[in-house]
Protein chains: 2
Amino acid sequence: MNKPVTLKDIARETGVHVSTVSRALDPNARTSLTREVVERIRSTAERMGYRPNRLASSLRTKRTMSIGLMIPDIENTLFPPIVRGAESVLEPAGYTSIIVNTDSDRKREAKLVDVLLERGVDGIIHAAPYLSDPRMIEVARRGLPMVTVNRQIENSEIPSVVNDDPGGIAMMLRYLHEHGHRHIAHIAGPKNLSTGRARIEAFKATAKELHLDLPDEALVVSNYFDEQEGRRCTRQLLESGTEFTAILCANDRLALGAFDALRQHGLSCPDDISVTGYNGIPFLDLIPPGLTTIQIPQFDIGRIGAELLIKMMTDPDATIPRTTILPVKLVERGSVKRIDPA
Amino acid sequence: MNKPVTLKDIARETGVHVSTVSRALDPNARTSLTREVVERIRSTAERMGYRPNRLASSLRTKRTMSIGLMIPDIENTLFPPIVRGAESVLEPAGYTSIIVNTDSDRKREAKLVDVLLERGVDGIIHAAPYLSDPRMIEVARRGLPMVTVNRQIENSEIPSVVNDDPGGIAMMLRYLHEHGHRHIAHIAGPKNLSTGRARIEAFKATAKELHLDLPDEALVVSNYFDEQEGRRCTRQLLESGTEFTAILCANDRLALGAFDALRQHGLSCPDDISVTGYNGIPFLDLIPPGLTTIQIPQFDIGRIGAELLIKMMTDPDATIPRTTILPVKLVERGSVKRIDPA
DNA sequence: TTGAAAGCGCTAACAA
DNA sequence: TTGTTAGCGCTTTCAA
């Protein structure tokens, strides 16, 4: 690879000192130089194909203009839109993101944070934290700007951007209620994730408001937000003998698993059992009978998270809201049947 | 953010020179030091919470241990598995990847390459090149290790890892033929992408071998590999009046669009028209009637691409195969109907 | 308005 | 086996 041209090369070529070249090429410092010198330097820089070496500049300035973007898994379709949302503001601002997949594994998460730290990221957007996540709290307290998106860490001051879980779940449960359902089961998300916890609490609270009968067996908690757990929990529901006409799932993938388990049991959705999801991941409209779900603003979650992070990175004294809650909406499809209240 | 501890700090603490510390912490150079000194340094480094500053080291060594990973769009479900495949070898080898989305836009691609270059990536994996891509060829010729995956750049020596397009298309066309189809339309991919071109050529060649009648109208070329183009091309096929019982689509998204257009025209797949795809993206099994498609080894494409790149980056004299072709397989689902040959 | 000089944290050639 | 020295490419303070 032929040698990149450096400031020194341009200095030699133009007969000025490298610091002058540096200033000429810096939009801010440029003002203190002669128009003519600036022009001469800029044109020879261009002619020589100069590209700044960000490494060197970062070493001096202590800013890498890069951030870490931690997600559970890029193959999980919930996250790419969040990533694009974040990058929609990061990229124009000159930041590059290093995306890492935690695979929802604490050891991996810890290792990856170290990687990001070594790389000198200016901040971190964490879309995959655990509800209890002392390591991230420590990193944040050491002074690294950090925001969590989609999920939150408990007992921490780390700003977060999340969707309105209580509102969304309440909306969905009321929707089922309005459609005549009185015996509604819930497949809850993992207890160690903020979304899992927030949703089950909202479910219980709303069920109470609605005076719904809620036997213990109608509430099963998944260990992961995935299809396999959705199947397992649905089977458990079915085998428990508890009576229900609908299952409110804590996310779409659990619901997809429920579709599957129902089918395996010879049950039809929505004719025998209604099912609802949460998140609004892609392709749902194409999968019969069409999952009725809560659409969260994935792109905006990423976008606003990045905006907050940039604010934190550039103005340490800025006031950042501890929690930013984004509105959700209910998307009606075919997985809920209207029935006569039992 | 409190100050990171540096080699100098450890040197002061242990009473040796920073170069000694550097050596003690370097697995390779470590051998030339006293066991005891190494141990002392390593333990105080640990105690002080030392983290190497990769920036500084990179500035010296001219290696950033980072690579650029260019994809069209992370929201396109074809690519996340490729990314994971690449990272499955990059990460253990100590490399970090900077993922950029070109949005299949040449201007963006050019800008993003510059970003990667400024960041000093040691190499690039390009999963989104155009068939004709002089900019990337130039970058590669300047000496930056590069491999393209999934697609190829024409007239270049850049190594690529691709699936067996000719084999896959031939397999699929023969499959349709065996199922009695004699009038088969093709929705081809964009002509400016290697996959688009390879597949249409394979289609024509195989059609000829099979002595299929192939009127011009039965062959329509899409501008993008997406659902909307799939719909448009299908409509065009339908409106052309040409006779066909099956559509072989150059990729899954085009096929999904075809499903849709067919439905809009009151036609049923596979009862009226059979449809096939290519790639084997996720969720296809859940979307009725189940797209029969060619499964490409996405993960392996990424994995092998990364392996080749690492070889190029670490051993400039290594012999790298110009093209690595990975096998594909046909996945039979419900979108093809067996009919009596017309 | 420009130049000189120092230094970011690290590595590596050379000396001792 | 360890220390000295120089320098990667850049920014920035201080001087001129």
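Letters go in sequence order (proteins before strands), and every chain restarts at 1.
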Trainee: Determine, for nucleotides 8-13 of chain C in 5'-to-3' order, which nucleotides have protein heavy atoms under 4.0 Å from the base (write B), from only the sugar-phosphate (write S), or from neither (write -).
Mentor: BBBBBB
Trainee: What pairs of residues pass the salt bridge (Lys or Arg N to Asp or Glu O under 4.0 Å) test when at least one of them lies in residues 317-326 of chain B, not counting sequence neighbours?
Mentor: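 Every candidate salt bridge (Lys or Arg N to Asp or Glu O under 4.0 Å) pair involving residues 317-326 of chain B fails, so no pair, neighbours aside, qualifies.
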Trainee: Is the side chain of Asp122(A) donor-acceptor paired with the backbone N or O of Thr64(A) at a distance under 3.5 Å, no angle test?
Mentor: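 Flag set: sc Asp122(A) to bb Thr64(A) pair under 3.5 Å.
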Trainee: Between Ser58(B) and Arg63(B), which heavy-atom pair has the shortest distance, and what is it?
Mentor: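 Nearest pair, atom of Ser58(B) first, then Arg63(B): OG-O, 2.9 Å.
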Trainee: Specify the separation, in whole Å, of atom CG of Asp9(A) and atom P of dC10(D).
Mentor: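 Nearest whole value for this atom pair: 9 Å.
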Trainee: First locate atom CD of Glu118(A), then atom CE of Met65(B), and finally report the distance between them rounded to the nearest 0.5 Å.
Mentor: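 Interatomic distance, Glu118(A) CD to Met65(B) CE, rounded to 0.5 Å: 11.0 Å.
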Trainee: Applying salt bridge (Lys or Arg N to Asp or Glu O under 4.0 Å), run through Arg141(B) and Glu138(B) and close with a yes or a no.
Mentor: CA-CA 5 Å; Arg141(B) 211 180 23 211; Glu138(B) 185 212 333; over 6 Å; no
Trainee: Just do the salt bridge (Lys or Arg N to Asp or Glu O under 4.0 Å) check on Asp105(A) and Lys111(A) with the steps written out, would you?
Mentor: CA-CA 10 Å; Asp105(A) 174 331; Lys111(A) 208 198 102 208; over 6 Å; no
Trainee: Could you check how far CD1 of Ile41(A) sits from C1' of dT1(C), rounded to whole Å?
Mentor: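 Rounding to the nearest Å, CD1 of Ile41(A) and C1' of dT1(C) are 11 Å apart.
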Trainee: Are Glu307(B) and Lys311(B) close enough for a salt bridge, meaning some N to O gap below 4.0 Å?
Mentor: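 Salt bridge between Glu307(B) and Lys311(B), a charged N being under 4.0 Å from a carboxylate O: no.
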Trainee: Using five pairs at either end of the helix from dT1(C)-dA16(D) to dA16(C)-dT1(D), determine the angle between the two local helix axes and round it to 10 degrees.
Mentor: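 The two end axes of the helix from dT1(C)-dA16(D) to dA16(C)-dT1(D) meet at 40°.
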Trainee: Could you measure the distance from the CG atom of Leu7(B) to the CG atom of Leu25(B)? Nearest 0.5 Å is fine.
Mentor: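 The CG atom of Leu7(B) sits 6.5 Å away from the CG atom of Leu25(B).
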Trainee: Roughly, in whole Å, what's the span from CG in Leu33(A) to C1' in dT12(D)?
Mentor: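 Result: 14 Å.
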